Number of protein chains: 2
Amino acid sequence: MTDQHSTEARARVLDAAEQLFSEHGYKSVTLRDIAKAVGIKHASLYHHAPDGKEALFVEVTERGLRRHQAGLEAAIQQAEPRIEAQLEAAAHWLLAQPVLDFGRMMSSDMPAIGEVHARRLSEIAYASVMQPIQQIFRQAAARGEIKCANAGLLAGGLLALVESIHHLPAHIATQPKTGMVDAWIDVIVNGLRPNPTTAY
Amino acid sequence: MTDQHSTEARARVLDAAEQLFSEHGYKSVTLRDIAKAVGIKHASLYHHAPDGKEALFVEVTERGLRRHQAGLEAAIQQAEPRIEAQLEAAAHWLLAQPVLDFGRMMSSDMPAIGEVHARRLSEIAYASVMQPIQQIFRQAAARGEIKCANAGLLAGGLLALVESIHHLPAHIATQPKTGMVDAWIDVIVNGLRPNPTTAY
DNA sequence: GTCTATACACTGATAGAC
DNA sequence: GTCTATCAGTGTATAGAC
């Protein structure tokens, strides 16, 4: 391990930090919030994260992104080589993870941390979660399953769609999240327009 | 007007506040940031917004949402009654406005303000921007243009898609934003799968 | 590994001069 | 309408006891 000590207490700190940062954002989460979640005083955090809040945020964010990359690639690989199966595998994996709010990360979190860190995290983010999803679209196009299109645009949109499901109010989100994401994937592949061939 | 005085200086304050809040979020924007954008000292803000930061945020957010409602309904109404034309009209209007980051608003901004204000703003948000877009899908379904579906799910997703375009990195966003949003609308209506009828 | 105590900067907010 | 001055509260961070 590259970790400095990697005790079990440190793991609890990192997990709490990742969960809180990913849900509420960098600025909204204080070191006292994290400490309270772990059950210690905020000063004790500096034993596990000596370089302070920003370094802690960078560490857990990067860790989460790399986990996303590994999980996404595994989920996609073990799915059938059909675009719908692969998109559903990727989307279900994203739904099972701590929320990854790309939009907030770019508009709120990144400007709040050092420019160097921000640029590196942004690159990792795109390489980790955009690339695997872009590959799904590219390969499906190569197999002739779908029309050629801007894979980056599609991947970014799919990510946003998955995230949007978390924010739906209860009176709209009347079915399980996996069902809603599958419905969207069906729309993306087949469209909303009734297939003219079925009309005959 | 219901405004307390409604001078031109006050309008500058509200506009700067709305722009900054909508771009970076409630917590990330300080009163000193807003004051600097207007060109005054932060204490002077209390002349135009005597009730402080949270009340200012609520006011400009509500104002922006109501402007969205009016603008969306107008754009939709003057478009042809075809789903693609109406979705494009709505999306283009959203693109021309200050960014409306629904996801960050729900996960970051709302928990940071008073519960009463948060609930009211959330309701206004859904009534103002979700409802008009849901109507597009519902009416298109009634006209038989599209399959019946969860209009709320579709509306929330379309909003997220428009927002996602703002966060695309430069190497992906190689065409104008309106072109990218139009491409997505085509995907939603017609799907990515090549139409089988065109194959014969 | 966790605590208390403390230093220091920043933020929202108020008071009063001009 | 805008300013300077000032305050209390909170946030990050450090030092040192246990």
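Just so you know, these numbers come straight off a predicted model, no measurement behind them. Proteins come first, then strands; the chains are lettered A, B, ... in the order of their sequence lines, and each starts at number 1.
Here the P atom of nucleotide C/dT11 and the NE2 atom of B/His24 are 14 Å apart, to the nearest Å. Between the OH atom of B/Tyr46 and the C1' atom of D/dA5 there is a distance of 15 Å, given to the nearest Å. Regarding B/His42, its NE2 atom lies at a distance of 11 Å from the C1' atom of D/dC3, rounded to whole Å. Atom OH of B/Tyr26 and atom P of C/dG12 are 8 Å apart (whole Å). Spacing between atom CG of B/Leu45 and atom P of D/dG1 amounts to 13 Å, rounded to whole angstrom units. Rounded to whole angstrom, the span from the CG atom of B/Leu31 across to the C1' atom of C/dA13 amounts to 9 Å. One interatomic measurement links the two molecules: NZ of B/Lys41 to C1' of C/dA13, which rounds to 17 Å at whole-angstrom precision. Between A/Lys36 atom NZ and D/dT10 atom P there is a gap of 12 Å when expressed in whole angstrom units.
The side chain of A/Ser44 contributes an N or O atom lying less than 4.0 Å from OP1 or OP2 of C/dC3. Regarding contacts with the backbone of D/dT2, every side-chain N or O of B/His47 stays at 4.0 angstrom or more from both OP1 and OP2. For A/Lys53 and D/dT12, the shortest distance from a side-chain N or O to OP1 or OP2 is below 4.0 Å. A close approach under 4.0 Å does occur between a side-chain nitrogen or oxygen of A/His48 and OP1 or OP2 of C/dT2. Look at A/Thr30 and you won't find any side-chain N or O under 4.0 angstrom from OP1 or OP2 of D/dT10.
Positionally, the nearest nucleotide of DNA chain D for B/Arg12 lies more toward the 5' end than for the other of B/Arg12 and B/Lys27. If A/Gly39 and A/Arg32 are placed on DNA chain C by their nearest nucleotide, the residue sitting closer to the 5' end is A/Gly39.
Between the side chain of B/His24 and the backbone N or O of B/Leu20 there is no donor-acceptor pair closer than 3.5 Å. The backbone N or O of A/Ala118 sits less than 3.5 Å from a side-chain atom of A/Ser122, completing a donor-acceptor pair. A donor-acceptor contact shorter than 3.5 Å is absent between the side chain of B/Arg104 and the backbone of A/Gly25. B/Arg12 places a side-chain N or O within 3.5 Å of a backbone atom of B/Val38 that can act as its donor or acceptor partner.
Nearest to the side chain of B/Ala43, among C/dT2, C/dG12, D/dC3, sits D/dC3.
Here A/Val38 lies out of heavy-atom contact (under 4.0 Å) with every strand.
Using a 4.5 Å heavy-atom threshold, the side chains of A/Met130 and A/Leu159 count as touching.
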